[in-house]
Amino acid sequence: MKRILYLPLLLALLCAAPLRAQHADPQTSAAAGERTLSADSITTGDAHMDSLYRSLPEVMVTGERPVVKARAGRLEYDLPRIIENKPVDNIYDALKQLPGVAEMNDGLSLGARGVTIVLDGKVTNMTTEQLYALLKSMPASRIERVDVMYNAPARYQVRGAMIDVRLRHRIGDPGTVQGEVYGQYNHQHEASFQERASLLYNGRRLSLDFLYSHNHGKGYNTTHKEARHWQEATDETVLVENFETGRSRSHTHSFRLGSDYRIGDRHALSLVYNGTYSTSHYNQHTTGTQTATNLGGSTSWLHNGRLDYEAPIGLKAGAEFTWYRTPGHQQLNSEMEGTHLDFYTKDMQRINAWKFYLSQEHELKNGWGLNYGAIYTTSVDNSYQRYYDNEERRMKNEESSLPPDMTSRRREQTLNIYAGFNKSFGEKWMLDASLAAERYKTPVWDEWDVYPVVNLTYMPSRSHILQLSFSSDKDYPAYWAVQNAVSYLGGGYSEIQGNPLLKPAKDYQLQLNYILQSKYIFGFWFNHNKDMSMQTLYQSPERLLEIYKFLNFDYRQQAGVQASVPFKAGKWLDSRLTLMGMWMRDKDSDFYDLPFDRRTWAGVAVLNATFTLPSVPQLSLMLNGFCQAGAIQGIYDLPTSGNLDLTLRYAFAKGNCILSAWCKDIFETQGIDPQIRYGRQWVTNDYSCFRSLGLSFTWKFGGYKEKKREGVDTSRFK
């Protein structure tokens, strides 16, 4: 725990470094014999005027292009320039370089809030995890720009925060083929590998892109659990101390094939296919109060296809289909305090999802814009889970203590109709507003909701930008979370229960951003999440069992401030510091027999710094630091955690070859070890955390670099 205390101190020292940078003294320069040419010597035809050209390199004033521009309702970032000369290999890691974006709980957040990532403005049916896997397999050189929206208007088919990654589809001259080959080795207690190949063809009307990625390797983890489990029948507290070790191996193959056909100006047809095939196997052993062996594995297939059409009149239409299937199995044998579990189980989830949309945008007179459209999505979840007791128990016809089998066919339908407008009032005011009405229908719920979104931008000058926005959102539960299924975690002391009555959460957010000189960003937000769903842990007083289950809280509230400040020192340091302070409140009046209303303060610090030797610009060192303190999650307390990463990047062969080496989570403090000290609930989970060492090599061919040219939804699958 002491190591985590070093992180804030180290971050503070790094932030102070630029303040010690020395600046040239004019008097010293004059004493050194430097001569300043007056304006009069130029206008009077001074014979020494030509010396101005010889002096320019010494007095040249270098400008800096803004990395962010304000548009109606969004911030447009020049991400390729932000990550220039930085050891960033894929789109996922590139997004972490954006101001206010941090990696928390194995996902990206924007201002400590969940964010939806879309590609080319197209929302996908893929889950967040599947989309993240795709982003990690795509090279960062495919990024053209990134649009950040803290509250996306309805026409983007996303509610809440959104990051739109605009990809390059046409690079170089017509008829050219560019590509990139990438290989990675990473050692985090066990070895893992990635091989990736990307091709891009640019024709006069047709462009094609192809991507293949293979991730494979082994994993290792440990969990040290301490629990004081009160039993109501005996009014005694049972001390539980388990130590779990787990090993795993996996293979994941990812494919992407995209095509764009330009029929004419603002007239295009595009087709994209994403596919994934993966296998995983694990074995866990538990010792201590409980002894157990847990073996299992799963195989999954994903096929996702999308067709989009854009017409010159502002009409857009599209269809998307997603097919997902993941069968799994588990064999568990455990014993604890006289209770035995010995069974084999099979489960499967199969999702068929369709999405259709039609939208229209009009550019009217006097700077007015009008947009409206409809989106229809439907999905069918065919899932089952079957338990098989051990043969000895079956032969004795003993009554099984296992949960009943589950077979389900569950259909969801969503119809969304929206309308919006945008208006520019001179050069200083921009307004973008929309209203959406949505019907959500399942076997349990059938309701209509209304979602307003308002974005107001004020630009008194190019150096000052203010954005005020209000949005509403709905977060749908994962498919497996609403199935009436029970599965076991670890050695069987922990049980995961489904909740068929889980309802969607409604989210309301107010956001104010101030951007100074197109690079300093300050923000304030307030968020109210009604019926927020969260998986929580509860120690059953009736039996020796931990229950993990998604439940709806009354609400979660958050208020926070954020500051993102870049700083440079000559050409050798380019860095950005982001600080966030938050007030959090979680309230649930019917949480088993323990209603709670908890409040706390939390803080987050993120540092990204790149060091470059001016004499050797192709060699750079990148330091990333992250620290979070004081958070809660229901009745969980989340202690301070953070990480410090170092990456060395060397580019050669005119930048076409890049060699990177890294050491991530140097102090092994990234893991979050949650604990519960609430009422009679007492649990501590100490999860293993290992630093990782890695090496990667990238080769670009065919001129795979930027040239001047003409101008997937929530995590719901298992």
- Among all residues two or more places apart in sequence or in another chain, which pass the ring-ring contact (aromatic ring centres under 6.0 Å, His included) test with Y182? none
- Query: Using the ring of each side chain (for Trp, its six-membered ring), is F255 parallel, tilted or perpendicular to Y212, with breaks at 30° and 60°?
  - Reply: tilted
- Within 45° cone of Y92 ring axis and under 6.0 Å: K136 NZ or CZ: yes
- Item | Parallel, tilted or perpendicular: ring planes of F356 versus W354, cut at 30 and 60 degrees | parallel
- Message: Just to verify, what does H214 make a side chain to side chain donor-acceptor pair (under 3.5 Å) with, not counting sequence neighbours?
- Response: E195, H251
- Say whether, by atom type as modelled, one donor and one acceptor occur between the side chain of R576 and the main chain of P99 under 3.5 angstrom. no
- Walk me through it: do L302 and N274 pass the test side chain to side chain contact (heavy atoms under 4.5 Å, CB included)? CA-CA 8 Å; L302 169 71; N274 293 291; 5.7 Å; no
- Query: What's the verdict on ring pair (Phe, Tyr, Trp, His ring centres under 6.0 Å) for Y458 and H464, showing C-alpha distance, side-chain angles and the deciding distance?
  - Reply: CA-CA 8 Å; Y458 173 57; H464 302 275; 9.9 Å; no
- State which residue, out of L95, D78, V165, fulfils the side chain to side chain contact (heavy atoms under 4.5 Å, CB included) condition with I143. V165
- Could you tell me whether a side-chain N or O of D507 sits under 3.5 Å from a main-chain N or O of S472, the two making a donor and an acceptor? no
Side chains of residues 417-433: which donor-acceptor pairs under 3.5 Å do they make with residues two or more places apart or in other chains?
| from | atom 1 | to | atom 2 | distance (Å) |
| --- | --- | --- | --- | --- |
| K423 | NZ | N366 | O | 2.2 |
| D432 | OD1 | R155 | NH1 | 3.3 |
| D432 | OD2 | R155 | NH1 | 3.0 |
| D432 | OD2 | R155 | NH2 | 2.9 |

- Item | Partner of Q467 under side chain to side chain contact (heavy atoms under 4.5 Å, CB included), chosen from N455, L75, L512 | L75
- Message: Under the rule for side chain to side chain donor-acceptor pair (under 3.5 Å), what residues qualify as partners of T578, not counting sequence neighbours?
- Response: S564
- Message: Please verify the inter-ring angle class for Y277 with W301; under 30° counts as parallel, over 60° as perpendicular, anything in between as tilted.
- Response: tilted
- What pairs with Y508 under ring-ring contact (aromatic ring centres under 6.0 Å, His included), at least two apart in sequence or on another chain? none
- Item | Any donor-acceptor N/O pair, Q360 side chain to I313 backbone, under 3.5 Å | yes
- Query: Would you say the side chain of I117 lies within less than 4.5 Å of the side chain of Y132, judging by non-hydrogen atoms?
  - Reply: yes
- Check salt bridge (charged side-chain N to carboxylate O under 4.0 Å, His left out) between D574 and all other residues, then give those that pass, not counting sequence neighbours. none
- Query: How far apart are the C-alpha atoms of Y376 and Q413, what are their side-chain angles, what is the distance that settles it, and do they pass the side-chain hydrogen bond (donor to acceptor under 3.5 Å, both in side chains) test?
  - Reply: CA-CA 8 Å; Y376 173 73; Q413 298 180 79; 2.9 Å; yes
- Query: Taking it one step at a time, do K474 and E438 satisfy side chain to side chain contact (heavy atoms under 4.5 Å, CB included)?
  - Reply: CA-CA 10 Å; K474 179 180 282 189; E438 183 176 275; 4.3 Å; yes
- Message: Could you check whether K316 pairs with D308 (Lys NZ or Arg NE/NH1/NH2 to Asp/Glu carboxylate O, under 4.0 Å)?
- Response: no
